[in-house]
Amino acid sequence: EVQLVESGGGLVQPGGSLRLSCVVSGFTFSSYDMSWVRQAPGKGLEWVSSINTGGSNTFYEDSVKGRFTISRDNAKNTLYLQMNSLKTEDTGRYYCATGGYDCYSGDSWCYVGGPNWGQGTQVTVSS
């Protein structure tokens, strides 16, 4: 059974940091590009960042460039998102998903929810 389980969300003040983790099982993690996607309250889904299988190529949505860092540990089947200098507009539910930049950077996504996504972790940036 494919499982993606996110953790690390929480309440943080503007300017603070959080590190999200996504532990996966049920498939060969090292063979898949991976991404983070988020949904702000009352808004649609937004691609945040992607990473290739080996971790050598990373991609970021413009609003998070220089603040967020995506990484992975294939030995631990874990995807990460280090989020620094958080802003109120970063508030939302964050999902890890299989598929990389080509899957989520355009208008038509490879997957939306379902077994290729985790259940998400809530990030709230507020003073």
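What you see below is based on every heavy atom in this structure, not just the backbone, and it leaves out hydrogens, waters and symmetry mates.
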In terms of hydrophobic clusters joined by side-chain contacts under 4.5 Å, are F68 and L20 together? yes
Linking I/L/V/M/F/W/Y whenever their side-chain heavy atoms sit closer than 4.5 Å, directly or via other members, would V12 and Y94 fall into one cluster? yes
Please assess L4 against W117 for the test side chain to side chain contact (heavy atoms under 4.5 Å, CB included), listing each intermediate value before the final yes or no. CA-CA 6 Å; L4 300 89; W117 286 35; 5.9 Å; no
My understanding is that only residues two or more places apart in sequence, or in another chain, count here; which of them pass salt bridge (charged side-chain N to carboxylate O under 4.0 Å, His left out) with R72? none
Does one hydrophobic cluster hold both Y60 and W36, with members joined at side-chain heavy-atom distances below 4.5 Å? yes
Can you spot which of D90, T91, T121 makes a side chain to side chain donor-acceptor pair (under 3.5 Å) with R38? D90
For Y104, all residues meeting ring pair (Phe, Tyr, Trp, His ring centres under 6.0 Å), sequence neighbours excluded: W109
Pairs where residues 6-23 contributes a residue and the test salt bridge (charged side-chain N to carboxylate O under 4.0 Å, His left out) is met, not counting sequence neighbours: none
Counting only heavy atoms not in Q39, do more than 12 sit closer than 6.0 Å to its CD atom? yes
Search all heavy atoms of S50 against all heavy atoms of S35 and return the closest pair with its distance. OG-OG, 2.6 Å
Report the hydrophobic cluster partners of V5, with the cluster defined as I, L, V, M, F, W, Y residues connected by side-chain heavy atoms closer than 4.5 angstrom, directly or transitively. none
Who pairs with S126 by side chain to side chain contact (heavy atoms under 4.5 Å, CB included), at least two apart in sequence or on another chain? L11, T124
Compare every heavy atom of G118 with every heavy atom of Y95, then report the nearest pair and how far apart it is. CD2-O, 3.4 Å
Qualifying disulfide (SG to SG under 2.5 Å) pairs with a residue from residues 1-42, counting only residues at least two apart or across chains: C22-C96
Could you give the side-chain donor-acceptor pairs of residues 25-34 under 3.5 Å, partners two or more places apart or in another chain?
residue: D33; atom: OD1; partner: T53; partner atom: N; Å: 3.0

Among residues two or more places apart or on two chains, list those pairs meeting disulfide (SG to SG under 2.5 Å) that have a residue in residues 25-56. none
Steps toward ring pair (Phe, Tyr, Trp, His ring centres under 6.0 Å) verdict (W47, Y101): CA-CA 9 Å; W47 168 73; Y101 179 72; 5.4 Å; yes
Please report the closest heavy-atom contact between L18 and G8, naming both atoms and the distance. CD2-O, 3.7 Å
Any pair counted as disulfide (SG to SG under 2.5 Å), so long as it reaches residues 24-95, sequence neighbours left out: none
Candidate pair N57 and I51, rule side chain to side chain contact (heavy atoms under 4.5 Å, CB included), full reasoning: CA-CA 6 Å; N57 292 330; I51 189 168; over 6 Å; no
Pairing donors with acceptors under 3.5 angstrom, does anything connect the side chains of D73 and T78? no
Taking the side chain as everything from C-beta on, heavy atoms only, tell me whether E61 gets closer than 4.5 Å to V37. no
Rounded to the nearest 0.5 Å, what separates atom OG in S21 from atom NZ in K76? 9.5 Å
Scan residues 49-95 for pairs that pass disulfide (SG to SG under 2.5 Å), counting only residues two or more places apart or in two chains. none
Going by the rule side chain to side chain contact (heavy atoms under 4.5 Å, CB included), which residues pair with K43 if we only count those two or more places apart in sequence or in a different chain? A40
Quiz: residues 79-88 side-chain donor-acceptor pairs under 3.5 angstrom, not counting sequence neighbours:
residue: Q82; atom: NE2; partner: N84; partner atom: OD1; Å: 2.9
residue: N84; atom: OD1; partner: S17; partner atom: OG; Å: 3.0

